[in-house]
K.L.:
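Below is the structure I would like to discuss, written out as structure tokens.
Indexing begins at 1, ligand by ligand and atom by atom, following the structure's order.
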Amino acid sequence: MFPEYDVIVVGAGHAGCEASHAAAMMGSKVLLVTMNMNTIAQMSCNPAMGGVAKGQIVREIDALGGMSGIISDKSAIQFRMLNRSKGPAMWSPRTQNDRMKFSEEWRLALERTPNLDFWQETVKEILVKDGRAVGVKTSLGLEIKSKAVVLTNGTFLNGLIHIGEKNFGGGRAAEKAATGLTEQLLTLGFEAGRMKTGTPPRIDGRSLDYSKMEEQPGDEKPGKFSYSDTTPLDKQVSCWITYTNEDVHQELQKGFDKSPMFQGRIKGLGPRYCPSIEDKINRFAERDRHQIFVEPEGWNTVEIYVNGFSTSLPEDIQYQALRKIPGFENAKMFRPGYAIEYDFFPPTQLKLSLETHLVTGLFFAGQINGTTGYEEAACQGLMAGINAHHTAHEKEPLILKRSEAYIGVLIDDLVNKGTQEPYRMFTSRAEYRILLRQDNADLRLTETGYKIGLATQERYDSFLQKKTSIDQLLKELSSIKADPETVNAGLESIQTSAIREKVVVAHLLRRPQIGMPELRQLSPDLKALLDKYSPEVQEEAEIDIKYESYIEREQKLAEKIGSLEEFKIKPDFDYDRVKALSSEAREKLKRIKPETLGQATRISGVSPSDISVLTIYMGK
Ligand code: FAD
């Protein structure tokens, strides 16, 4: 019934969709096995993509040839560039999305992908022969063969849903949990843990009074995620902001004795930075209100997502508390909020390629690795799909450095440090923030995507054209000089000191008050020059000039540290022979098996003196 596949991907969430698309586009014969084909790329929680640090990841996925950016653009109902008032390292694109369209667009994209087959069923077991994954076994008992397997089971492995005192098995509301796989992986020697996450109730938007809320419209000139030719929105839907109050908090407190979290029924660790509303009022008792974002779920639905009100309190408590929020007095509830506990596998059991140490050809990606969030899942799926394809075709894995991409930071953190709670990306996790901006993801990664056969020729050509244009504009701005009279007259309205001599135009851009719009005012010639270039090229050139010294500093640091990254450690290196290592370092090094000396420096518990010992021992 089935041919032998190169790659089997288990699960069609955000990780599984990217993994199967990437491997198939690169030429692998791929099978995507998922429990329910009607929930492909389901947004389990908020209908939004991107945001701080996550928006950068979506752009990186896009630059490499992945689909999350394109799907987000096609299903967007609102676009905002967050943190515009801060430096460019912090600018973060975010879309509000039509939940149903997001899922539909992903399914259509996968159906159009060559080399990709589908099968709707639950995978119960990984087929392993001589330490290698050779396929999967399904709940119907079918054995399907492949050269590599990617597991992206999300929150489904032994998922347990909690609402107040009730709990029942489930991978997500109204979906079955997946059983059997964790148990088999444990027998193979894997370690598993338990985590928890939660989601808010959904409301009928027709029952809300928006006059009591603050409107949050999209950007006046909406942007988009993808560097390809998707079109920005020409109309948008607003979100709304309201607040909880003491009355809401009192209603919620009435349910604390039935809370699965406070009563200890939930054992798994939840995300500290994304607490439930009961957790917020408990932990921050001094605060008399919490912000609530009222987010529409799509163009054609009245359903509303109540962002900031994640809860697992009993449904009647949820309902009574919601109705005390200004604007929610007559709210009708569509679905209650809930919490879910699920199995994950500590990611220190993985190589940087996302292949497991224990079973060759077996890859893990997404929430199964202890992360949370669509973007975090999608980028791991992309990398696992690429590397599963490489394994199936006996090629070297693709590993992105921390100085190249947030994706590199995420995987490096997971593999070397592991995670005690659901891991989400923050800009603070990246040490090369000024290099890893959302605007330059294409300049950083398109070439890599093209070389591995994932980014298309069209993408590559447009990247080359953009790069040439930026270089050309930088050259022109550095060669043109402007007279003091012209400059001082042109910049009269701006708070900036006058100049006395001719000045190179590029140098003017170093002043914080001066950007491309101000340069444009200086002379008709400069305006004509800038008009030759797209807004993206102008933005890139301006950032390059304004932040030149910071960029250079980070580049130098990356190069310095890069020398340790070049120093490879053999997979069978015997750490027991290095007597001077601390016992903690020896234990961690043996478990994580770093691929380079650079990677060894980032393992928690491995100190600088352990690195010196290793460096001397290895004769570097
Ligand atoms: P999922 O999107 O969970 O997809 C897993 C897929 O695998 C599904 O299609 C499932 O059917 C399939 N599957 C599982 N097991 C099998 C099997 N054995 N055989 C075949 N198919 C299988 N993220 C946040 O960033 N913030 C939040 O506040 C947040 N809250 C959440 C609340 C809830 C209740 C849930 C469920 C998730 C929440 N998330 C949140 C997490 C977010 O949904 C996930 O991070 C993201 O969806 C993970 O993507 P994934 O691809 O790893 O898995």
K.L.:
What closest approach, in Å, do S44 and R202 show between heavy atoms, and which atom pair accounts for it?
P.N.:
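Here S44 and R202 meet closest at O-NH2, 3.5 Å.
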
K.L.:
List the steps, then state whether side chain to side chain donor-acceptor pair (under 3.5 Å) holds for Y423 with D413.
P.N.:
CA-CA 9 Å; Y423 177 105; D413 277 353; 2.6 Å; yes

K.L.:
Write out all pairs satisfying ring pair (Phe, Tyr, Trp, His ring centres under 6.0 Å) with one or both partners inside residues 156-205, taking only residues at least two apart or from two chains.
P.N.:
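Applying ring pair (Phe, Tyr, Trp, His ring centres under 6.0 Å) to every pair that reaches into residues 156-205, excluding sequence neighbours, yields F190-F364.
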
K.L.:
Listing by chain and number, which residues have a heavy atom under 4.0 Å from ligand 1?
P.N.:
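Those residues closer than 4.0 Å to ligand 1 by some heavy atom are V10, G11, A12, G13, H14, A15, V33, T34, M35, S44, C45, K54, E121, T122, V123, T152, N153, G154, T155, F156, R172, A178, L181, T197, G198, T199, C274, Y338, I340, G366, Q367, T372, G373, Y374, A377.
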
K.L.:
Would you say the rings of W240 and F293 are close, in the sense that their centroids are separated by under 6.0 Å?
P.N.:
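Centroid distance F293-W240: not below 6.0 Å, so no.
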
K.L.:
Identify the residue among Q380, M425, R424 that makes a side chain to side chain contact (heavy atoms under 4.5 Å, CB included) with T371.
P.N.:
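Going through the options one by one, the only one that passes is Q380.
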
K.L.:
So, for A24 and V30, which heavy atoms are closest and what is the spacing to 0.1 Å?
P.N.:
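For A24 and V30, the tightest heavy-atom pair comes out as N-CG2, 3.5 Å.
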
